[in-house]
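What follows is a single structure, written as structure tokens, with notes after it.
Residue numbers begin at 1 in each chain, while the letters A, B, ... track the order of the sequences.
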Amino acid sequence: MLNSKIPKGPLENKWRNYQIKSQLINPANKKKLNIIVVGSGLAGAGAAATLGELGYDVKCFCYQDSARRAHSVAAQGGINAAKNYQHDGDSVWRMFYDTLKGGDFRSREANVYRLAELSAPLIDHYVQQGVPFAREYGGVLVNRSFGGVQVQRTFYARGQTGQQLLLAAYSQLYKMKRAKKVEMYPRHEMLDLVVIDGKAKGIIVRDLVSGELKRFAADAVVLATGGYSRVFRLSTLAIGCNGSALWKSHKRGAYFAAPSFTQIHPTALPQTSEAQSKLTLMSESLRNDGRIWVPKKKGDDRIANQIPEEERDYYLERLYPSFGNLAPRDIASRAAKEQIDGGYGVGRLKNAVYLGFKHAIARLGIETIKDRYGNLFAMYKKITGVDAYLEPMQISPAAHFSMGGLWVDYELMTTIPGLYAIGECNFSDHGANRLGANSLLQASIDGYFVLPNTINNYLAEELKADHPTTKHPEFDKVQKEVEQQIAKLLSIKGSKTVDYFHRELGKVMWQECAMSRNRKGLEKAIVQIKELQEAFWNEVNVTGSDKEMNTELEKALRLSDFIALGLLMCTDALQREESCGAHFREEYQTKDGEAMRIDDTFSFVSAWEYNKGHFKLHKEALEFENVKPTVRSYK
Amino acid sequence: MKVIFKIWRQDNANTKGGFKSYEVDQLTEDMSFLEALDHLNELLVGQNEKVIAYEYDCREGICGQCGVFINGRAHGPHDHMTTCQLHMRSFKEGQTIVVEPWRAAAFPVIKDLVVDRSALDSIIEQGGYISAKTGTAPEANALLIGKAVADKAMDVAACIGCGACVATCKNASAVLFTAAKVNHLNSLPQGEQEASKRVLEMTQQMELEGFGSCTFTGACEVECPEGISIVNIAEMNARRTKAKWLS
């Protein structure tokens with residue numbers, strides 16, 4: 001039975017009630033407790049730094065060469081907070097409701113409320129750390145709008161908000177390293193979790209420089225490993241982003257919640273060739289001033305600027321007049337897919353739509369547009385060679401954020417006691433669709449504010465237990481399994497590259513488990529992925545050895561887990577016979593093509609148990625005591 | 001498109017490296033430079049050879065992990081660009097492209113094109129932060145910061161920590177990197193309390209890590225992907241001098 005541990009009391013008091021009742025640990029005792037944090041993005045760095053400040057002994061791991069590279073760095077647009085600085089009717093309640101509705105009522109009220117409640121103090125915290133947020137001339141903070149919302153509550157630092165927040169968190173991490181409360185392990189990748197007597201007690205990592213496997217024991221393990229949308233291969237994620245820590249933890253007993261809930265971002269740059277490794281995101285904030293359109297005529301081959309105004313279809317404004325270009329991401333992506341599939345796509349491969357700034361430049365002047373989005377326009381030009389001040393950008397949907405992740409309770413603990421999942425790698429606050437600028441928020445809140453106030457509730461008990469050591473036979477056993485997996489990969493010596501298999505997996509996943517899904521396609525995808533898995537383990541070629549820096553081996557290890565995860569994602573998408581948020585099942589749509597939620601049978605969180613590969617579903621019923629789930633309309 | 005990659009290969013920090021040439025065909029102009037290297041690596045796997053190690057992560061110019069010397073320039077032939085943003089359309093058919101790791105005493109080679117840039121983290125560790133314990137912050141708008149000040153701080157806070165400034169500098173100096181962080185934090189009111197200590201300790205660490213001195217050639221600002229100006233170096237030096245007088 002899944003226990004979400006939601007505290008009693010009115011929504012507004014739940015977090016306070018929780019904190020009043022949770023156990024505390026005195027500073028002298030905190031020193032005796034070790035915590036492992038895997039990942040150094042906003043969630044991981046924030047948690048590691050804060051846990052260090054509280055007095056715990058923290059070890060923080062990341063696969064990159066420095067904590068400052070974590071992919072939080074790439075978030076562009078901003079971070080939401082219910083400050084109501086704009087005097088436009090915002091409140092904690094409004095933000096809570098927007099987020100719950102944006103997620104199509106597939107998340108927990110209590111978690112979402114806490115997210116909104118802690119958003120305002122988070123902005124205070126980041127300002128104090130020196131984040132150069134955008135300011136008015138008079139010196140106060142500026143806000144802008146984001147998709148799915150009618151107030152202005154997004155704080156930003158040009159188009160580099162994620163970078164600025166990450167660098168702030170990273171600076172606090174290094175402050176605590178200097179204070180000798182955090183030990184940093186860059187270029188170390190977690191390859192497995194060690195569970196002793198049912199509790200998470202350590203990890204096996206690979207030193208990516210020497211290739212050596214190392215063991216680390218701790219009283220608690222925190223995963224902050226980010227999203228896994230690289231399962232699609234082409235995505236907005238960093239190339240190294242992976243799902244291995246999650247997958248290995250899942251195999252060791254952590255339930256995986258809503259694995260198939262993947263956000264497809266509407267405004268990425270389109271794919272231009274087979275060799276492409278990455279789809280660069282153009283911030284959603286561009287939709288504040290940019291207008292999305294396609295030619296009214298199918299297959300129109302004229303260049304954008306030659307298409308007169310009356311022959312352009314601003315389809316988001318037409319279909320969703322009250323939100324227009326700021327419709328939520330799932331809706332904007334699906335609408336773009338419909339236009340492209342319908343033959344209205346533009347660009348060389350006809351796989352894009354236009355995002356134009358002609359009207360915004362006429363209205364606001366080019367200087368204002370430069371001030372707001374200058375770096376995004378510069379980035380666009382570097383990649384495409386095109387000046388977007390003169391002609392519209394070409395954009396296309398791309399795999400982006402994982403709403404799914406390890407199932408966690410209100411304390412952010414997984415189903416393995418002592419194993420926590422924070423930030424994008426958990427399933428908690430975004431339901432079936434995440435609102436723009438809520439990702440930096442959730443990662444930060446989890447890391448800085450929530451986990452440091454919940455982990456003590458578990459550790460207070462562990463204080464009395466024996467502290468784990470790496471000499472425990474379970475470490476031998478798990479390390480041996482990792483060694484065997486590596487040895488197997490190196491011994492196959494087949495004829496195909498890791499990238500070949502990744503491209504194949506990506507094609508299946510993008511075709512059947514992305515913006516639009518149906519039973520037949522998903523059933524076919526499961527068969528195809530199983531075949532691919534079989535082929536991978538018989539035909540892949542990984543050169544080099546395990547006792548050196550070997551980027552090919554790193555990729556192979558990650559891909560082997562992505563393939564297995566792909567199977568679970570398709571299983572999950574197949575099981576959920578309704579449409580909600582980003583999960584659009586073609587069989588379940590309204591007459592005008594909108595998502596049809598079926599609350600009677602599917603108002604629950606799907607939490608999957610690994611069960612030796614025969615995935616078993618557990619349901620956490622979603623109870624809405626404070627709001628009534630409505631049909632999500634942005635028309 | 002066909003090019004000849006002449007690439008630095010080195011097994012590890014303890015062995016001697018050297019150049020090796022690879023003729024690579026079937027590239028397209030809209031491939032990124034790193035995608036061309038990916039393609040080459042797939043060919044090497046096909047020949048049962050070890051792949052070339054090079055670094056990247058975000059591939060959108062913001063994480064700062066990529067970075068190699070290409071035909072004698074940090075991050076390739078363009079100004080203000082990261083390696084991952086470079087595309088093959090910047091090269092000619094049949095061209096030889098020489099690819100080397102960053103060269104600096106403080107950045108030892110780990111393997112092939114991969115270097116150890118942890119010296120930059122060590123500089124940050126010595127004060128590249130504001131001591132702001134979680135839970136202690138005052139209301140954000142209680143502290144007014146004018147747009148001009150915030151914008152100027154943002155200009156330097158944008159540093160991605162790639163190390164191109166060091167790699168391109170004939171003295172392998174990290175002074176632009178250090179100045180960017182010092183000026184970001186010291187120009188904001190939140191950073192004032194620790195301002196003197198910060199500039200003194202960070203610059204001291206910079207010297208301890210083995211980076212060279214600055215002779216103000218301006219090479220760094222040309223390669224900086226964020227276009228951070230060398231005026232910042234003068235500004236930091238002024239801050240340092242002032243801090244020395246006051247301490």
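Between chain A and the residues Leu188(B), Leu120(B), Val51(B), the largest count of heavy-atom pairs under 4.5 Å involves Val51(B). Per-residue counts of heavy-atom pairs under 4.5 Å with chain A were compared for Glu125(B), Gln190(B), Lys50(B), Lys111(B); the largest is that of Glu125(B). Here Gly130(A) is the residue among Gly544(A), Gly130(A), Gly138(A), Ala157(A) with the most heavy-atom pairs under 4.5 Å with chain B. Between chain A and the options Ala157(B), Ser122(B), Ala148(B), heavy-atom pairs under 4.5 Å are most frequent for Ala157(B). Across Gly61(B), Pro138(B), Ser118(B), the residue that shares the most heavy-atom pairs under 4.5 angstrom with chain A is Pro138(B). The candidate with the highest count of non-hydrogen atom pairs below 4.5 Å against chain A, out of His39(B), His184(B), Lys181(B), Gln126(B), is Gln126(B). Among the candidates Lys133(B), His87(B), Gln85(B), the residue making the largest number of heavy-atom pairs closer than 4.5 Å to chain A is Lys133(B).
Taking the centre of each ring, Tyr448(A) and Tyr126(A) come in below the 6.0 Å mark.
Residues forming a side chain to side chain donor-acceptor pair (under 3.5 Å) with Ser495(A) (at least two apart in sequence, or on another chain): none. Every residue two or more places apart in sequence or in another chain that forms a side chain to side chain donor-acceptor pair (under 3.5 Å) with Asp112(B) is listed here: Arg9(B). Taking Asp207(A) as the reference, Lys214(A) meet the salt bridge (charged side-chain N to carboxylate O under 4.0 Å, His left out) condition, with sequence neighbours excluded.
The contact list for residues 175-184 of chain A toward chain B, using heavy atoms and a distance under 4.5 Å, reads Lys175(A), Lys177(A), Arg178(A) by residue number.
Looking at Ala158(B), both its backbone and its side chain come within 4.5 Å of chain A, counting heavy atoms on both sides.
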Derivation and outcome, side-chain hydrogen bond (donor to acceptor under 3.5 Å, both in side chains), residues Arg117(B) and Ser66(A): CA-CA 8 Å; Arg117(B) 283 168 293 189; Ser66(A) 162; over 6 Å; no

